[in-house]
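Presented below is the structure to which this report refers.
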Amino acid sequence: MSDFETIIYEKKDGTGYVTLNRPEALNAYNIRMRDELYQVLAAVRDDPDVRVIIFKGAGDRAFCAGADLTEFLTAPSPVIARQVRWERDVWGRFLSIDKPIIAALHGYVLGDGVEIAACCDIRVASENVQFGTPEMGLGIITAAGGSQTVPRIISRAHALDILITGRWVKADEALRMKLVNKVVPREELLPAVEKIADTIKAYSPLAVSYAKQAVTRGLDLSLERGLELEANLSNLLSAS
Ligand code: COA
């Protein structure tokens, strides 16, 4: 996994660090990044030594400024675009990870950046964060899962406000909307995220995984089915 161009992957003390690494383009999400994320997400999911995953952006200015506009509408045809999207379903792969994923968000978090953040379980932002979904202005909709993941995190009204108006949201408002769990000064961002990771790593990996599954899978079920899921996971854990 050392030949990545657009991301950096590091593993240290049970934490897998994934850094979006195109600072010259504000870490814009391009096809290469999609393919590399697809690969690294399987690696962190399947590596038993990785207990927690941290997502962050390289450089001072952005976590991710959204889809790479230089590649915008460059797919040979909508059919091929759909097929590749199916084969490299980064968003589905995010959802297949039962380990906690924490996002360290700074600067611009736009478009796909919001959608990557929304696939994480805990979001910590620095005071200079700015969220936005410019898709409407480009004549497209948020379609990397965001129309489904964002309203599962914040309220329907707040999600529609962000997704339809394209209005940018700064740190204070993001915290009020519960789009982020916590806001810290820029220099404290990584330490704050690592502190959360360390706390989680002190617990049983299986218990942490089941706790995540109970919540994330349960949210898509009726209360009755969700309670069944919870009981099953709890029994499995007791039996292990
Ligand atoms: N795709 C490709 N390149 C991007 C990019 C993107 N989404 N966002 C920024 N960049 C590049 C710029 O082209 C520029 O490259 P250059 O130095 O070679 O000219 C560099 O990153 C710095 O961006 P710049 O626009 O000069 O910074 P700024 O401070 O003036 O503006 C933004 C910052 C985020 C407001 C602006 O870059 C922007 O609007 N980006 C596009 C956001 C967007 O629409 N994303 C798609 C969402 S679907």
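Each ligand, and each atom within it, is numbered from 1 in the order the structure gives. Source: prediction; values computed, not measured.
Of the heavy atoms in L138, only side-chain atoms (C-beta onward) come closer than 4.0 Å to ligand 1. Of the heavy atoms in L110, only side-chain atoms (C-beta onward) come closer than 4.0 Å to ligand 1.
Looking at atom 23 (O) of ligand 1, its nearest protein heavy atom turns out to be L26 CD1, 3.7 Å. Protein heavy atom closest to atom 20 (C) of ligand 1, with residue, atom name and distance, is E24 O, 3.4 Å. When only non-hydrogen protein atoms are considered, atom 35 (C) of ligand 1 lies nearest to W168 CH2, 3.9 Å. Considering only non-hydrogen protein atoms, atom 26 (O) of ligand 1 sits nearest to R61 NH1, 4.8 Å. Among protein heavy atoms, atom 10 (N) of ligand 1 sits closest to A25 O, 3.8 Å.
For atom 7 (N) of ligand 1, the protein comes within 4.0 Å by at least one heavy atom. Note that atom 48 (S) of ligand 1 has protein non-hydrogen atoms nearby, at separations under 4.0 angstrom. There is no protein heavy atom closer than 4.0 angstrom to atom 16 (P) of ligand 1. Distances from atom 30 (O) of ligand 1 to the protein include no heavy-atom value under 4.0 Å. The nearest protein heavy atom to atom 40 (N) of ligand 1 is not closer than 4.0 Å.
In the vicinity of P134, heavy-atom distances shorter than 4.0 Å reach the ligand 1 atoms 43 (C), 44 (O), 47 (C).
Judged by the 6.0 Å and 45° rule, R93 forms a cation-pi pair with Y38.
S209 and K99 share no donor-acceptor pair across their side chains, judged by distance under 3.5 Å alone.
The N/O atoms of L69, backbone and side chain alike, include one that comes under 3.5 Å of an N/O atom in ligand 1. Considering backbone and side-chain N/O of A28, none are found under 3.5 Å from N/O of ligand 1.
A distance-only check finds no donor-acceptor pair linking the side chain of H158 to the backbone of A174 [under 3.5 Å]. The closest donor-acceptor contact from the side chain of E71 to the backbone of I31 lies under 3.5 Å. R22 places a side-chain N or O within donor-acceptor distance of the main-chain N or O of A28, the cut-off being under 3.5 Å.
Between the CG atom in L206 and the OG atom in S240 there is a gap of 5.0 Å [rounded to 0.5 Å].
Within the 4.5 Å cutoff, the side chain of I97 has heavy atoms near those of the V44 side chain.
Counting heavy atoms only, A67 comes closest to atom 46 (C) of ligand 1 of the residues G111, G107, A67. Taking all heavy atoms of A65, G137, A144, G66 into account, the minimum distance to atom 45 (N) of ligand 1 is reached by A65.
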